[in-house]
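This report refers to the structure that appears directly beneath it.
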Amino acid sequence: MDVVRINGGRALSGTITVSGAKNASLPMLAATLLTAETCTLRNVPDLSDVRFMIEILSHHGALVEKAAPGVWRVTAKEIQPRTPYELVRKMRASICLLGALVGRLRTADIALPGGCVIGPRPIDLHLKGLARLGCVISHKNGYVSVDASRAHGTNVFMGGRQGSTVTGTANLLMAAVLTPGLTRIDSAACEPEIVDLCVMLQKMGARIDGVGSPVLTIEGVASLHGCDHTVVPDRIEAGTYLLAGVLSEGDVTVRGARTEHLGAFLDKLEEAGVVVENAGPDTLRVHGGFHRCRPVDIITLPHPGFATDLQAQFSVLLAHIPGISLITERIYPNRFMHVSELQRMGADIAIEGATAIIKGGMRLSGAPVMASDLRASAALILAGLAASGETWVQRVYHLDRGYEQFDTRLAALGADIVRLDSSEMPNDGADD
Ligand code: EPZ
């Protein structure tokens with residue numbers, strides 16, 4: 001069942017509650033390996049990436065129990081340091097185990113992640129940071145091995161060509177919390193998911209100052225204890241549902257949409273002329289569509305800049321706004337795989353290097369399109385909601401990595417959307 005059929009033009013209405021953040025859940029699941037005591041994580045989203053991370057924790061020897069829907073208990077009494085390629089290749093984000101293994105075991109042996117469609121996904125900054133702590137790092141047969149037996153706290157600069165690194169910061173944090181001495185991380189990522197990880201680590205007994213700022217100071221402790229922590233809401237999912245409400249010209253309320261997590265995104269919606277109302281604590285409402293909107297110019301940046309994970313979805317809105325809009329992708333310059341599919345639906349978008357030049361204002365028409373990655377698949381579904389006629393989005397397994405029941409939850413808001421087997425897709429003679 002990996003195609004979704006959408007009949008566009010239906011105005012969505014109602015309230016949706018976002019799930020826990022995927023990009024907070026993954027490093028926090030890894031962080032449960034930092035202690036032999038039980039950690040309870042709540043509001044964990046039911047996503048394929050999360051289920052896979054749980055499988056990897058079990059591989060390392062942790063006892064993992066589902067205590068209730070969205071509630072996982074992990075007890076990592078005895079764990080082993082090796083993460084094999086057959087696991088890492090299926091989800092490159094599993095590299096966030098590196099810091100937890102180094103922190104707990106003082107050693108790690110993990111397969112190097114490959115790249116993915118949105119671009120190369122290097123870990124040079126992760127390894128540079130660990131080496132600064134005094135870890136001995138070696139590479140062999142596609143694996144990286146880390147010996148942290150003589151690691152000690154020091155100053156680490158974690159900035160790269162594109163600025164800070166989210167998972168790199170998570171890895172350095174998880175290594176440093178159990179490394180003797182004082183570690184100062186400069187150019188640390190400030191994403192809300194990193195803040196959430198810091199809060200969880202502090203609940204476990206870690207000593208971290210500067211949470212939420214680009215300078216984190218960690219005083220290593222001898223050991224950490226268990227914790228009970230609730231995952232923050234997913235800001236990317238919240239932004240995606242807000243855009244669904246705007247593009248369908250409906251009236252949609254999103255619970256769990258924290259304005260402090262969506263600053264740049266909401267600023268650009270307001271600049272474009274979209275009406276976003278505060279409808280209560282962590283609750284935002286959109287209504288009024290996009291017909292009085294104007295073009296905007298977006299550059300993706302590390303938080304608090306405009307999130308690259310909302311870029312593809314926002315480009316669908318800009319394709320509907322008359323005038324020229326620009327999106328420059330500073331984090332992953334190739335992250336425009338959705339554009340060629342949107343062009344099949346009638347969007348007028350040209351790519352010049354890392355910039356998409358969007359000549360907006362026309363109504364898209366439904367078509368069979370191909371999802372290439374997680375956020376591109378969400379963008380294509382948003383396009384289908386706004387388009388006239390029928391859109392078939394293929395390879396929607398990408399979607400299930402980061403959105404819990406996206407199709408059924410959009411249907412609950414009134415969308416004419418259904419998940420089908422690819423054999424039910426009309427064969428219009430197109431090549432495979
Ligand atoms: C996290 O990936 C997210 N994934 C990504 O979300 C998100 O797009 C990205 O941060 C940026 O916000 C998870 O948290 C699981 P980075 P991460 O290290 O940590 C370069 C989604 O759709 N870089 O912050 O891998 C890198 O190439 C996913 O949910 C180096 O050069 O991203 C990129 O250009 C996609 N060397 C930039 O930095 C390094 O050692 C940011 O990467 C590390 C990164």
Side-chain angles (χ1 to χ4, degrees), residues 19-31 45 47-50 52-53 56 88 90-99 112-132 137 144 156-174 185 187-197 214 231-232 234-240 261 264-265 300-313 328-335 337-338 354 371-379 398-404:
S19 309
K22 166 179 82 83
N23 292 346
S25 302
L26 297 176
M28 291 199 290
L29 283 164
L47 302 169
S48 53
D49 272 11
V50 168
F52 192 64
M53 177 59 92
I56 297 178
V88 173
K90 289 182 194 165
M91 184 179 72
R92 64 162 305 285
S94 48
I95 196 64
C96 67
L97 287 156
L98 177 60
L112 284 165
C116 67
V117 286
I118 64 176
R121 308 293 294 275
I123 61 165
D124 57 303
L125 297 172
H126 303 228
L127 300 179
K128 174 188 160 193
L130 292 172
R132 270 295 286 155
I137 292 166
V144 61
V156 187
F157 180 74
M158 284 295 286
R161 286 179 299 280
Q162 281 79 21
S164 50
T165 160
V166 176
T167 307
T169 301
N171 272 332
L172 255 289
L173 268 168
M174 291 189 276
I185 303 176
S187 189
C190 304
E191 272 69 6
E193 295 76 26
I194 292 295
V195 171
D196 205 29
L197 173 64
V231 179
V232 289
D234 194 316
R235 62 192 168 105
I236 307 303
E237 192 185 25
T240 306
H261 291 175
F265 172 78
T300 66
L301 289 168
H303 193 78
F306 191 98
T308 174
D309 293 349
L310 281 167
Q311 177 261 108
Q313 302 92 308
T328 302
E329 176 52 74
R330 283 261 189 278
I331 308 296
Y332 300 112
N334 304 339
R335 198 175 197 171
M337 306 292 285
H338 52 289
S372 54
D373 60 275
L374 167 54
R375 305 304 174 184
S377 50
H398 290 292
L399 191 71
D400 300 331
R401 292 189 42 225
Y403 292 90
E404 201 173 327

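Worth knowing before you read on, the calculation uses all heavy atoms, side chains too, and leaves out hydrogens, waters and symmetry mates. Remember, it's 1-based here, ligands and their atoms both numbered in the order they're listed. Counting from 1, the numbers follow the sequence of the chain as shown.
- Residue Arg92 places a heavy atom under 4.0 Å from ligand 1.
- Close contacts between ligand 1 and Asn23 involve ligand atoms 3 (C), 4 (N), 6 (O), 13 (C), 14 (O), 15 (C), 21 (C), 29 (O) [criterion: under 4.0 Å to a heavy atom].
- In the candidate list Asp373, Val166, Ile331, Leu374, Val166 is nearest to atom 24 (O) of ligand 1, counting heavy atoms.
- Looking only at heavy atoms of the protein, atom 29 (O) of ligand 1 is closest to Arg375 NH2, 2.8 Å.
- In terms of protein heavy-atom proximity, atom 11 (C) of ligand 1 is nearest to Thr308 CG2, 3.9 Å.
- Scanning the protein for heavy atoms near atom 40 (O) of ligand 1, the closest one is Leu125 N, 2.7 Å.
- The contact set between ligand 1 and Asp309, taken as ligand atoms under 4.0 Å from a residue heavy atom, comprises 5 (C), 6 (O), 7 (C), 8 (O), 21 (C), 22 (O), 28 (C), 29 (O), 35 (C).
- Distance alone, capped at 3.5 Å, is enough to place a donor-acceptor pair between the Asn171 side chain and the Ile95 backbone.
- In this structure, the protein non-hydrogen atom closest to atom 32 (O) of ligand 1 is Tyr332 OH, 3.1 Å.
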Let me see the working for Thr300 and Gln311 under side chain to side chain donor-acceptor pair (under 3.5 Å), right down to the final yes or no. CA-CA 7 Å; Thr300 66; Gln311 177 261 108; over 6 Å; no
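- Heavy atoms from both the backbone and the side chain of Thr167 come within less than 4.0 Å of ligand 1.
- At the top of the distance list for atom 2 (O) of ligand 1, counting protein heavy atoms only, stands Arg121 NH2, 3.4 Å.
- At a 3.5 angstrom cut-off on N or O pairs, Arg335 counts as close to ligand 1.
- Contacts between Lys22 and ligand 1, counted as non-hydrogen atom pairs separated by less than 4.0 Å, involve the side chain only.
- Every residue two or more places apart in sequence or in another chain that forms a side chain to side chain contact (heavy atoms under 4.5 Å, CB included) with Ala188 is listed here: Thr169, Ile185, Leu216.
- Leu47 CG to Arg401 CZ: the interatomic distance, rounded to the nearest 0.5 Å, is 9.5 Å.
- The nearest non-hydrogen atom to atom 18 (O) of ligand 1, considering only Thr165, Ile123, Leu301, Thr300, comes from Thr165.
- Annotation: atom 36 (N) of ligand 1 to nearest protein heavy atom, Asp124 OD1, 2.7 Å.
- Partners of Glu237 by salt bridge (charged side-chain N to carboxylate O under 4.0 Å, His left out), not counting sequence neighbours, listed by chain and number: Arg409.
- Screening Ile331, Asn23, Leu374, Thr240 against Asp309 for a side chain to side chain contact (heavy atoms under 4.5 Å, CB included) leaves a single residue, Asn23.
- Residue His303 holds its NE2 atom at 6.0 Å from CZ of Arg235, rounded to the nearest 0.5 Å.
- With hydrogens and angles disregarded, no donor-acceptor distance shorter than 3.5 Å links the side chain of Asp234 to the backbone of Ser19.
- Note that CD1 of Ile137 and CG of Leu130 are 5.0 Å apart. Values are rounded to the nearest 0.5 Å.
- Between Glu191 and ligand 1, no N or O atom pair is found at a separation short of 3.5 Å.
- Expressed to the nearest 0.5 Å, how far OG of Ser372 lies from CZ of Arg335 amounts to 9.5 Å.
- Of the listed residues (Pro122, Ala376, Gly160), the one carrying the non-hydrogen atom nearest atom 31 (O) of ligand 1 is Pro122.
- Remark: ligand 1 atoms within the under-4.0 Å shell around heavy atoms of Ala93 are 15 (C).
- Looking at Ser377, its side chain never comes within 3.5 Å of a backbone N or O of Ala371 through a donor-acceptor pair.
- In the candidate list Gln162, Lys128, Met91, Gln162 is nearest to atom 38 (O) of ligand 1, counting heavy atoms.
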